[in-house]
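One is the number of the first residue; the rest follow in order along the sequence.
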Amino acid sequence: MTIKNSPTVQTDIQKPTPDHFPCGALVTNSSRVITYVNSYFTTELLWIPGELIGKSTDVIFTQSSKIFFQTYLIPTLLHEKTCEEMQLIIFNAKGVRIPVTVNAHYSSDGCIYWSFFNASKRDQLYDELIKTRETLEEQAEALKLLASTDELTELLNRREMSYRGSLVLEQAARSQQSVSLLMFDIDYFKKINDAFGHVEGDRVLQELGQKLKAFCRQTDLVARVGGEEFLILLPDTDKTDTLLFCQRLHQLIATVMVDNKPLTVSIGVSIYENKISFTDFYAQADKAVYQAKNLGRNRTELYQTQ
């Protein structure tokens, strides 16, 4: 009896890819910039990939979801690595609001991997709960803004800067990125108040705050931490780029005029290289500011380790 070998069966089974997923798959870097979207964003949400790749996630989230994303999701991911079953609202390419369930994971490669499940078909009660939470989030954000921002300049205050700055340093320690902290004082600010009154002093601070917000990147942290004292935290910025930034900052500040004279500042810089607390990082920049003042003001000095 002869047994014949069975013919080899050819199959066309393809390895699954994120484009096979019945949900949205999205990848961002730690700065919330989109680096990948799967085909779900085109077929279901009508986005062209080129309209999203390289953009901030702010382009797809509603205002309340952006608040929740920035104040809860990102800090939670940095600490816990994973967020599950978060309810948000996003826009499709036509501007239609779509409720979604979001899961996210912060990977060791510095990227955040997101999945979005369409929740539009949930019952009416669920939709009402989302709207209620949106309202609560907006109210909570309004209260948070009062607690975390400087009333005059609308920049971060000292407490919020310390909190967020500590998170940035924790992330930098994991990713081995360079971070720079700039502290600067307005030169002879007391003379402005004495000569022209506190109304003019407040005007100078407000104008400077507006210019700083427009000048800095979205990933930078900008705060007023004292009467005429400001901080700027620059994530993923090395010494060379920081000193170039300071040159441009001096030029920007000189566009603020007082009695037809340009405003000047003394800047102290500390570069994060080894693991350090934000308090010590702040102290280093503070020492550099005093050095800039002692050397004549209207200049930048870099903190040097002894």
| field | E160/T149 under side chain to side chain contact (heavy atoms under 4.5 Å, CB included): CA gap, chis, key distance, verdict | value | CA-CA 7 Å; E160 188 68 11; T149 59; over 6 Å; no
| message | Working note: D58 + R32, criterion salt bridge (Lys or Arg N to Asp or Glu O under 4.0 Å); need CA distance, chi angles, decisive distance, verdict. | response | CA-CA 8 Å; D58 287 351; R32 299 185 292 110; 3.1 Å; yes
| said: Between R174 and L78, does the side chain to side chain contact (heavy atoms under 4.5 Å, CB included) criterion hold? Intermediate values first, please. | reply: CA-CA 10 Å; R174 290 191 295 268; L78 291 177; 3.7 Å; yes
| Check against salt bridge (Lys or Arg N to Asp or Glu O under 4.0 Å), K55 and E51 | CA-CA 8 Å; K55 304 292 181 60; E51 295 175 335; over 6 Å; no
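A donor and an acceptor atom, one from each side chain of D109 and S107, are located under 3.5 Å apart. Side-chain polar atoms of T35 and N29 form no donor-acceptor pair below 3.5 angstrom.
Ion pair R97/E134 flagged as a salt bridge, since at least one NZ, NE, NH1 or NH2 atom sits closer than 4.0 Å to an Asp/Glu carboxylate oxygen.
Counting non-hydrogen atoms of other residues, nucleotides and ligands closer than 6.0 Å to NZ of K287 gives a total of 12 or fewer. The 12-atom threshold is not exceeded at OH of Y290, counting heavy atoms of other residues, nucleotides or ligands nearer than 6.0 Å. The environment of NZ in K239 is sparse: at most 12 heavy-atom neighbours from other residues, nucleotides or ligands sit within 6.0 Å. No more than 12 heavy atoms of other residues, nucleotides or ligands shown are found within 6.0 angstrom of CZ on R159.
Contact record, T255 with E207: O-OE2, 4.1 Å, taken as the closest heavy-atom pair. The two residues A104 and L77 make their nearest non-hydrogen contact at O-CD2, 3.8 Å. The nearest pair of heavy atoms linking D187 to S266 is OD1-OG, 2.7 Å.
Taking OG1 from T28 and OH from Y106, the interatomic distance works out to 9.5 Å, rounded to the nearest 0.5 Å. We find the CG-OG1 distance between L249 and T242 to be 11.5 Å, quoted to the nearest 0.5 Å.
For F69, the ring pair (Phe, Tyr, Trp, His ring centres under 6.0 Å) partners at least two apart in sequence or on another chain are F61, W114. F215 is linked by a ring pair (Phe, Tyr, Trp, His ring centres under 6.0 Å) to F245, counting only residues two or more places apart in sequence or in another chain.
Partner S65 forms a side chain to side chain contact (heavy atoms under 4.5 Å, CB included) with one of I90, I89, V102 and no other, that one being I89. Among I186, L155, T153, the one residue that satisfies the side chain to side chain contact (heavy atoms under 4.5 Å, CB included) test with L208 is I186. Tested against Y36, the residues V27, L26, L52 include a single side chain to side chain contact (heavy atoms under 4.5 Å, CB included) partner, V27.
In this structure, L221 and V168 have side chains that are in contact, with non-hydrogen atoms separated by less than 4.5 Å.
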